[in-house]
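Inspection log for the structure reproduced underneath, given as structure tokens.
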Amino acid sequence: MYFITICCQGGAHLFGEVFKSKMRLNIFEEIALEEWLNTTNVRDNIRLYECIVKLNHIHGIVEILFKKRENIQGSFKSLSQSIRAVVRRYRNAAIKRIKVGGELQFAPTR
């Protein structure tokens with residue numbers, strides 16, 4: 001099992017803001033959480049536990065249940081069973097949904 005933290009580049013408060021001493025999250029927080037939960041749809045060897053999205057990062061607990069069948073092609077060996085691959089897929093999917101036309105769009109807070 002792994003406890004992971006994924007931070008926004010430069011510590012940017014991408015997922016919301018603090019207003020009157022309270023955290024107000026926005027639509028990007030929803031995207032981050034949806035993509036986190038989607039990980040089990042993409043990878044059948046993963047189990048997700050607790051997850052929390054903060055203003056500029058996400059914490060989560062991930063368990064890799066079993067190694068995927070190794071895909072060997074020439075000298076390339078798939079790293080699909082690594083935590084690094086799980087985080088990379090999550091980040092890429094979340095970033096792709098947050099970016100629109102290559103530019104980061106403003107997401108109003110709730």
Side-chain angles (χ1 to χ4, degrees):
M1 294 181 73
Y2 299 87
F3 176 81
I4 61 172
T5 300
I6 303 169
C7 299
C8 295
Q9 185 175 2
H13 286 187
L14 185 62
F15 302 129
E17 64 185 355
V18 175
F19 181 75
K20 294 186 179 180
S21 301
K22 293 193 179 192
M23 189 166 71
R24 292 188 346 185
L25 299 175
N26 60 29
I27 190 74
F28 292 164
E29 174 263 345
E30 292 175 19
I31 291 171
L33 187 55
E34 286 173 10
E35 286 304 325
W36 178 261
L37 297 174
N38 190 45
T39 300
T40 57
N41 295 328
V42 175
R43 297 180 181 279
D44 62 353
N45 66 330
I46 297 297
R47 179 176 291 146
L48 300 176
Y49 293 89
E50 297 299 318
C51 169
I52 187 166
V53 179
K54 301 303 253 175
L55 294 177
N56 63 354
H57 63 282
I58 181 171
H59 295 294
I61 300 173
V62 179
E63 180 180 9
I64 298 179
L65 301 171
F66 57 87
K67 285 188 174 187
K68 302 288 272 178
R69 187 178 75 78
E70 293 187 14
N71 178 14
I72 300 174
Q73 208 172 20
S75 61
F76 174 76
K77 180 179 174 184
S78 173
L79 297 176
S80 62
Q81 64 269 9
S82 73
I83 194 67
R84 187 170 85 189
V86 172
V87 170
R88 182 175 50 242
R89 194 233 50 97
Y90 164 77
R91 283 185 34 180
N92 289 343
I95 289 168
K96 186 182 237 182
R97 285 188 57 197
I98 289 172
K99 285 187 174 186
V100 176
E103 297 268 338
L104 189 63
Q105 300 298 308
F106 172 73
T109 55
R110 296 187 232 161

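Both backbone and side-chain heavy atoms feed into the values below; hydrogens, waters and symmetry mates do not.
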TODO: For Asn38, enumerate each residue passing the side-chain contact (heavy atoms from CB on, under 4.5 Å) test, keeping only those at least two apart in sequence or located in another chain.
DONE: Glu35, Asn41, Val42, Arg89
TODO: Look up atom CG in Asp44 and atom OG1 in Thr39, then write down how far apart they are to the nearest 0.5 Å.
DONE: 12.5 Å
Open item on the list: Could you work out, with side-chain contact (heavy atoms from CB on, under 4.5 Å) as the rule, every residue matching Tyr49, not counting sequence neighbours?
Closed with: Met1, Arg47, Ile61, Glu63
Open item on the list: Is there a side-chain contact between Val62 and Trp36 in this structure, where contact means two heavy atoms from C-beta onward sitting under 4.5 Å apart?
Closed with: yes
TODO: Flag the pair Leu14 / Leu55 as yes when at least one side-chain heavy-atom distance between them is below 4.5 Å, and no otherwise.
DONE: no
Task: Where Ile64 and Ile83 come nearest, the two heavy atoms and their spacing - done: CD1-N, 3.8 Å
Task: Minimum-distance pair of heavy atoms, taken over all atoms of Cys51 and Leu33 - done: SG-CD1, 3.8 Å
Task: Residues which pass side-chain contact (heavy atoms from CB on, under 4.5 Å) with Thr5, listed by chain and number, not counting sequence neighbours - done: Phe3, Cys7, His57, His59
- [ ] Compare every heavy atom of Leu48 with every heavy atom of Ile46, then report the nearest pair and how far apart it is.
- [x] CG2-CD2, 3.9 Å
Task: Minimum side-chain heavy-atom gap Lys54-Ile52 below 4.5 Å - done: yes
Task: Minimum heavy-atom distance Ala32-Tyr90, with the two atoms named - done: O-OH, 3.1 Å
TODO: Working to the nearest 0.5 Å, report the span between CD of Glu34 and CD of Glu29.
DONE: 9.0 Å
